Amino acid sequence: MDYLSIKEILSQGQVGKEYEVKGWIRSFRNNQFVALSDGSTLQTFQLVLNPDKFDETSFKNLSIATSVSASGKLAESLGQGQKFELIVDKIVVLGHANSDEVQKTILQPKRHSLDFLREQAHLRFRTQLFGAVFRVRHHLAMAIHDFFDSRGFFYLHAPIITASDAEGAGEMFQVTSLDLEHLPQKDGRIDYEQDFFAKKASLSVSGQLQAELAAMGLGKVYTFGPTFRAENSNTSRHLAEFWMIEPEAAFMDLAGDMDLAEAMLKHCLSYALEKCADDIAFLDERLKQEESQKPMIERSKLNLIEKLKFCIEQPYQRLTYREAIDILMQSTPQKKGKFKYPVRGFGTDLQSEHERYLVETHFERPVILTDYPREIKAFYMRLNDDQETVAAMDILFPGIGEIVGGSQREERLEVLVEKMKSFDISEEEMSWYLDSRRFGTVPHAGFGLGFERLVMFVTGLTNIRDVIPFARTPKNCHF
Ligand code: 4AD
Ligand code: MG
């Protein structure tokens, strides 16, 4: 007898043939119908217990959340919404779940709040919602690899432990094997010579600098790995541990960088719509229900699927930071004093409310902002001829704000060294990075995509904690 997943049975099962299925019980009704799910697909599979083979005692064991293995003949289903069902002759309980205990958990099949589901993140993979979210997350990861592989980019594993703060924001988690209760001292300071790496080390905030070095030999590379930021921002869009994709290409300029990022995003959205059609339809339906609870005026114009299609079909609006500042300063919320952080002109660091205004109200489409003031961007970005701005680009998405941040890199040694000085970055510490500018430097560019922000956009979930299996945020490292 064949053992197939529910997804396989539904797609390739043959009526009249015997099958064995394994999974968890979602519901059991009329002492006859079991809805089984195994995670392979959104759909549950109906088991119909053959009344001749079962009695009251066996029913008692078939409570919600129990895991079972069932075998029987595949039949065409008379019920609505399903193609097949299994007429079961034999069912074996693999792991029992006590009904009273189940009542207290999110496994109890009813609508739970996302907060409650998050508290039981260890169980939420069993729910339809999180099954859908994590299947979409998987397919988006495949989409990323598919996109870069097809364009000749090599997958690079950047180190997770590093001694450099690529973004210069100082938001790093230190890594040490020193005994924190008894720190070795030298000249009144901690003696890092005695630490594991004989220097101060941290978890990486970005693999970019290493990706740049690799691109200086391999031409085109991308990283896809975890990154860590100890920024104390407890928002719905920040994690302390998140996954980032960082492509880097030699001989690419800012325009090429924008084209690449836009094409990548569009590829990921199309890929998800194709590979996760039923999960996305389910997420869309869920959002529609949520929207219908809102007052008319707050409802979004597009539903989830329309929004994804819109961001595939429409070109993204490209404009400079300066142009964006002008728009924001003339904008209605600004005049009415509605921005929490007022826009004071060139040099203002844009907040997510400003980014979202540009995307959602002004342009009504994804926006790519370029040429930011040098002071508010990282040291490695290429200085423009105006000496005031750098060749940076951020992609802003509806409901998300910044989803991609990238730039053309400063490839001119003297300019880079001068910039490092102004950012107070040690030339000596970074001499390995500067070597890439010493030995055959070339124009190059890249960007970083926040993977969870992409998953948020595709699933329509609005809290980043709900699109990563186990979220790490300030004061929270549960599970
Ligand atoms: O804009 P960021 O800081 O850029 C970099 O790290 C560059 N080294 C990228 C590059 O050019 N290679 O981060 C890139 C993206 C952001 O646009 C955002 O989507 C995401 O990473 N991101 C976060 N996602 C979740 N939680 C956080 N705390 C994040 N910080 C950044
Ligand atoms: Mg950024």
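Computed from a predicted model, the values in this text were never measured in an experiment.
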If you count the non-hydrogen atoms of other residues, nucleotides and ligands that lie under 6.0 Å from NZ in Lys199, is the total more than 12?
no
CG/Leu283 to CZ/Arg286 distance, rounded to the nearest 0.5 angstrom?
7.0 Å
From Phe154 atom CZ to Thr223 atom OG1, the distance as rounded to the nearest 0.5 Å
15.5 Å
Pair listing, ring pair (Phe, Tyr, Trp, His ring centres under 6.0 Å) test, anchored in residues 446-465, at least two apart:
Phe224-Phe451, Phe397-Phe457
Is the Phe153 ring parallel, tilted or perpendicular to the Tyr222 ring (thresholds 30°, 60°)?
perpendicular
Can you confirm whether more than 12 heavy atoms, excluding those of Lys200, are under 6.0 Å from its NZ atom?
no
Ring pair (Phe, Tyr, Trp, His ring centres under 6.0 Å) contacts touching residues 180-217 (sequence neighbours left out):
none
Over 12 foreign heavy atoms within 6.0 Å of CZ, Phe251
no
Determine whether Ile144 and Cys268 satisfy the following criterion, side-chain contact (heavy atoms from CB on, under 4.5 Å), listing intermediate values before the conclusion.
CA-CA 7 Å; Ile144 294 283; Cys268 289; 3.6 Å; yes
Please round to the nearest 0.5 Å and tell me the distance separating atom OG1 of Thr348 and atom CD of Gln351.
9.5 Å
Evaluate the side-chain contact (heavy atoms from CB on, under 4.5 Å) criterion for residues Arg453 and Phe242: first the C-alpha distance (whole Å), next the side-chain angles of each, then the deciding distance (0.1 Å), finally the verdict.
CA-CA 10 Å; Arg453 294 196 183 169; Phe242 64 99; over 6 Å; no
Taking atom CD as the centre, does Glu429 end up with more than 12 heavy-atom neighbours from other residues, nucleotides or ligands that are less than 6.0 angstrom away?
no
What is the ring orientation for Tyr271 with His139, classed by angle as parallel under 30°, tilted 30 to 60°, or perpendicular over 60°?
tilted
Could you name each residue pair satisfying salt bridge (charged side-chain N to carboxylate O under 4.0 Å, His left out) that touches residues 240-254, not counting sequence neighbours?
Glu248-Arg409
Examine Arg322 relative to Phe346 and say whether NZ or CZ is less than 6.0 Å from the centre of the six-membered ring and inside a 45° cone about the ring axis.
yes
Is the ring pair Tyr433/Phe379 parallel, tilted or perpendicular, if the boundaries are 30 and 60 degrees?
perpendicular
More than 12 foreign heavy atoms under 6.0 Å from CZ of Arg189: is that the case here?
no
